[in-house]
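Everything below concerns the one structure shown next.
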Amino acid sequence: MDRPADVSTAFIDARALIGCRHRLRLDAAHPEALAGISEDAGVRQRRDAAATHRRRVRDALIEAAPEAWVVIDPHLRAAERAEATMRACAAGAQRIWGGLLPQEPETGRRGGAEILLRDEDRGGYIPVIVVNHKVTDPRQPEPADFHPTTTDPYHWNPQPDPYRKLRQQPRDQQRLAHLHRMLQRHGLASPAVVGGVIGFDFDRILVHDLAPLLADYDRRYADRIAVVRGKLPTVPSKVPECRQCPWWTRGIEGPSCEGWLIERRDVSLVAPGSRAEVLRGHGVETIDELAAWIGDDPEDWQHGPFDEAVVTARAWIAGAPLVRRVEPVRVRRADVEVDVDLESFQEHGAYLWGTLLDGVYRPFVTWDPLPTEDEGRSFGEFWTWLMTVRAEAAASGKTFAAYCYSRTAEDKWLYESARRFAGRPGVPTHEQVRAFVDGPQWVDMFQAVSDQFICPNGKGLKKIAPVAGFAWRDPEAGGEASMSWYRLAVGYDGAPPDPTQRTRLLEYNEDDVRATQVLREWMTTRADLEVPGLTDFRHASSVPPSAPSLGSGGTIAT
């Protein structure tokens, strides 16, 4: 077996500040174990999209004022890029693109910013990063205690912006704090202690006050560099990141993370993320200990009813994939029922609106690579068809309902499409979209599941629909995989479009709407008989006798 890497002088950048500590340690200590593992397709696509976005921003900014910019050659070695950046700062360059700051052997810091902006009033530099996600949303001006600070991308003049509402992006703030500390080390940090973010829309720069963030950043950084340098131990704990982590199923210092957690019946399997941290603070390390809880609820529990967390543990032990909260299970039904599911590509648009009516699947699709004006045509046709079905139902004296699973994406692209393609044939107004999605005829099956079931294994459609008896035709079906299929389907990377991937996407979308229909019908016919209820798991006696007992007050008896 290869010897672990020497991590005593390891470096980290700001990406290490967010995410799993155990993965960070394994990545640093055993890079050889990851050799040959193919990169997750979704990760690669997001990285490629981010690079394209940054080039677009760079070209637009430099074209507007070429004399103001110093561009650091990205093909130079890292040390040469850092030297070029420091020379540009020493020369008082107004704006530096692609700056890389010198690595810090003592602290372990490394990193760079898309933009280093000279603070003309106070001296020093302000870090500005370019990201491929949204950092604000538009809104109508209204009185508020807080308005985010923004500035024009071409003219630095930060002001409170009543036309924007903030999207919380902790990773951006941590990266800016990281860059501020690196600039500070060289006496190059602006006394303003601010940083900027250009998001996906590239319409404003969001300006963050970094001063209140630095203490948290310092604590987090000290912890993460100690982990990477082998000074702090870590153990697995289930978090959302596990879904795409190679260590979840790949062991190196014993079993894989999944195997380690299952062997120990770790509590994070049923209470992932911050839930597990709270429970461990109360001495609850295993699923069995949570299942046997009989004391008062933890005062610091902020994740819904605590008794449902206990029931989740008991259901996991019993092997029950669902537990009913209610009796009977109900779903709004109608004479005319339409199932809807969309497919989008990153933030570029929604290329497919799939529908199911009376067992017939109808896709409204554009195969022009996004972004494309043809998206407006397919969206207008979808909306017109849906509203026609609704109107015909009303004219016939029949009730109508349209169903989706987790309406967040559908609502987002209904509003976005109405805004982007306003005035085109069939495209609704913002008010028409709002009237529909806020009305009783738009039914979110995810909400119906969340309200009526406890789900020990997760609430995604691909977790829940199989309980109702549905199976997808494609074993690789999923949101991340569909991104790769789409690129091939439209020839996004320069290759001829692949019609087999178009078929694959249509079948995947069709299976999603059929799964929603099967789930709805199961919930209103068989779920009451097939799914145990809360009362079946209310008492610790429903847990196998081997489970540990708890003392009074909710602490584990020793």
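Please read these numbers as outputs of a predicted model, since none were measured by experiment.
No donor-acceptor distance shorter than 3.5 angstrom exists from the side chain of Glu343 to the backbone of Met483, with no hydrogens or angles considered. A donor-acceptor pair is defined here as one N or O able to donate and one able to accept, closer than 3.5 Å; no such pair exists between the side chain of Tyr403 and the backbone of Gln441. A donor-acceptor contact shorter than 3.5 Å is absent between the side chain of Gln184 and the backbone of His180. At distances below 3.5 Å, not a single donor-acceptor pair connects side-chain atoms of Arg109 with backbone N or O atoms of Glu104.
Around the CZ atom of Arg330, the shell of radius 6.0 Å holds no more than 12 heavy atoms that belong to other residues, nucleotides or ligands. Counting heavy-atom neighbours within 6.0 Å of Arg243 CZ, excluding the residue itself, gives a total of 12 or less. The environment of NZ in Lys462 is crowded: more than 12 heavy-atom neighbours from other residues, nucleotides or ligands sit within 6.0 Å. Within 6.0 Å of OH on Tyr163 lie no more than 12 heavy atoms contributed by other residues, nucleotides or ligands. By the neighbour-count criterion of 12 heavy atoms within 6.0 Å, atom CD of Glu106 is densely surrounded, having more than that number from other residues, nucleotides or ligands. Residue-environment remark: CZ (Arg333) exceeds the threshold of 12 foreign heavy atoms within 6.0 Å.
Checking Thr151, Thr149, Thr150 one by one against Asp161, the side chain to side chain donor-acceptor pair (under 3.5 Å) holds for a single residue, Thr150. Of the candidates Asp536, Thr535, Ile454, Ile454 is the only one forming a side-chain contact (heavy atoms from CB on, under 4.5 Å) with Val323. Of the residues His53, Arg171, Arg167, Gln346, the one that meets the side chain to side chain donor-acceptor pair (under 3.5 Å) test with His133 is Arg171.
Under the 4.0 Å criterion applied to side-chain N and carboxylate O atoms, Glu530 and Arg324 are not assigned as salt-bridge partners.
Under the ring pair (Phe, Tyr, Trp, His ring centres under 6.0 Å) criterion, the residue pairs touching residues 216-249 are His178-Tyr217, His178-Tyr221, Tyr217-Tyr221, with sequence neighbours excluded.
Side-chain atoms of Trp472 and Asp512 form a donor-acceptor pair, as typed in the model, at a separation below 3.5 Å. Thr107 and Arg185 share no donor-acceptor pair across their side chains, judged by distance under 3.5 Å alone. For the residue pair Trp442/Asp411, the side-chain donor-acceptor check at 3.5 Å is satisfied.
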Could you walk me through whether Thr234 and Arg21 pass the side chain to side chain contact (heavy atoms under 4.5 Å, CB included) check? CA-CA 7 Å; Thr234 64; Arg21 297 169 73 252; 3.8 Å; yes
If you apply the rule side chain to side chain contact (heavy atoms under 4.5 Å, CB included), what do you find for Asp307 with Trp293, and how did you get there? CA-CA 9 Å; Asp307 65 334; Trp293 184 283; over 6 Å; no
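A heavy-atom distance below 4.5 Å is found between the side chains of Tyr415 and Arg434. Side-chain atoms of Ile198 and Ile115, non-hydrogen and from C-beta on, do get closer than 4.5 Å to each other.
By the 30° and 60° cut-offs, the orientation of the rings of Tyr405 relative to Phe446 is perpendicular.
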